Number of protein chains: 2
Amino acid sequence: MLGSVPADRSARGESAAPARPLRDADATRQRLLEAATAEFAVHGIAGARVDRIATAAQANKAQIYHYFGSKEGLFDAVLGAHANVATAEEYFDADDLPGTAGRLFDQFDSRPDLARLATWYRLERAGSERSIGPIMAANEAKIAAITLAQRQGSVTDTFPPDVLLGLVITLAMAWVTLPPEFENPANAHSTGQRREFVIESVRRLIAP
Amino acid sequence: MLGSVPADRSARGESAAPARPLRDADATRQRLLEAATAEFAVHGIAGARVDRIATAAQANKAQIYHYFGSKEGLFDAVLGAHANVATAEEYFDADDLPGTAGRLFDQFDSRPDLARLATWYRLERAGSERSIGPIMAANEAKIAAITLAQRQGSVTDTFPPDVLLGLVITLAMAWVTLPPEFENPANAHSTGQRREFVIESVRRLIAP
DNA sequence: AGCTGTCAACTGAACGGTTAGTTGATATGC
DNA sequence: GCATATCAACTAACCGTTCAGTTGACAGCT
């Protein structure tokens, strides 16, 4: 469920993949990260309970401090572990921003916990200057690609490229971001419909 | 225990506005609500400290429980106190959705704490079914107005009216919602520019 | 006007439970 | 044998909540 795990054990000179030992630091780290992802997504940093994370990971509280130093350190590690998912270039195509928005929508739809995690981060750890470096670097490339698409005329230059990127992401997140009050329960829309609304919105935004 | 905070002081028969007595229940309630608004906006429910709120309000901790029953009761009271601001009809005009988005943007821009409060509510108190009733009722009226505007042709019917309302609100909140990573510091836009981007976005969304 | 009884606003201090973080001992793989 | 992964027990602080008691405001009585 989590991002690719390097599990860099080759440095220790192991040749082939050995049988899983009863004590596997990497596996424990991984279980802790997964349990912490779920706990932080639901309760945030202040509301998360270290004991619950340790229990859910079938590990011990002390290991959290051994591996991650502190509760906040664990949160940063969780965020970092999912950063590659968030910045994945493979979903981005400056020449097809509506399609990009659709794929982004699918991401948020399939992993709403990651969207919540990002929101908690924004609320609780703003200005901590942690782990947003790589994301900003990834955005630079995307903004450059949008600039190029604008020069070629396939995208309107009404909006600056960074604004356009922000708008696409915002619209893709719309139904995750929106408070529940604005969901009309009597007239709820299916996932497929909402996806189509997002795509159409972006299509209208970039029309020359 | 939780819902018993009507505080109808008119029963005491106060005639004109007298000099503020040293002990004024209404004033204390108000100070607590203001201090709680600031505290909850910054730290959320789990992160807020009842002691800090009491100190900031120059009141005693026990009074919070006397007036609001519990920490969560206080949060709900804070939300309720600001609900009228959020649902204010005077800013909404179905025949001028871009302008509406601009006015909404101004709201979020002038009171970012209220936007944070709403986000905390969504994350920490989702499904509590408290105090969202009036907001949903207010939305019903707005959705009906949009439906009418669509029938008159001044607004596209590409999107259902409730979706359109959600999109307008989402776009108006865009720069409050967006994580800091998507702010380009080297190329930051002024408030006036961002306001214009929001308006132009909605204009494009509703174009027939 | 002065005295007094009553009620509500207010307070300081504590309580019971919980929490993040620590430690030192034990078990395990190499 | 040695490094380290693991764990139960521990602690010191903290936090929401309660409570017994105090103080101020005001109405009624004389």
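Here is the naming used below: chain letters follow the sequence lines, and residue numbers restart at 1 for every chain. Just so you know, these numbers come straight off a predicted model, no measurement behind them.
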Of the candidate nucleotides D/dA8, C/dG12, C/dA9, which contains the atom at the shortest distance from the side chain of B/Y67? C/dA9
Looking at A/R49, I'd like to know whether one of its side-chain N or O atoms comes within less than 4.0 Å of OP1 or OP2 on C/dT18. no
Looking at A/T28, I'd like to know whether one of its side-chain N or O atoms comes within less than 4.0 Å of OP1 or OP2 on D/dT6. yes
Starting at CG of A/D26 and ending at P of D/dT6, how long is that distance when rounded to a whole Å? 10 Å
Distance in angstrom units between A/L74 CG and C/dT19 C1', rounded: 15 Å
Round to the nearest Å and state the distance from B/R52 atom CZ to D/dG16 atom C1'. 14 Å
Rounding to an integer number of Å, can you tell me how far A/N60 CG sits from D/dC10 P? 14 Å
D/dA5 phosphate, OP1 or OP2: any side-chain N/O from A/H66 under 4.0 angstrom? yes
In whole angstroms, how far is the P atom of D/dT4 from the CZ atom of A/R29? 15 Å
Tell me whether the OP1 or OP2 atom of C/dA9 has a side-chain N or O from B/Q63 closer than 4.0 Å. no
Using whole Å, what does the distance between atom C1' of nucleotide D/dA5 and atom CD1 of A/I64 come to? 15 Å
Side-chain N or O of B/R23 closer than 4.0 Å to phosphate OP1/OP2 of C/dC10: no
For C/dT23 and A/Y65 - does any side-chain N or O of the residue sit under 4.0 Å from the phosphate oxygens OP1/OP2? no
To the nearest angstrom, how far is B/D24 atom CG from D/dA25 atom P? 11 Å
To the nearest Å, give me how far apart CD (A/E72) and P (C/dT19) are. 17 Å
Check every strand shown and say whether A/A48 touches a base, only sugar-phosphate, or nothing at a heavy-atom separation below 4.0 Å. sugar-phosphate
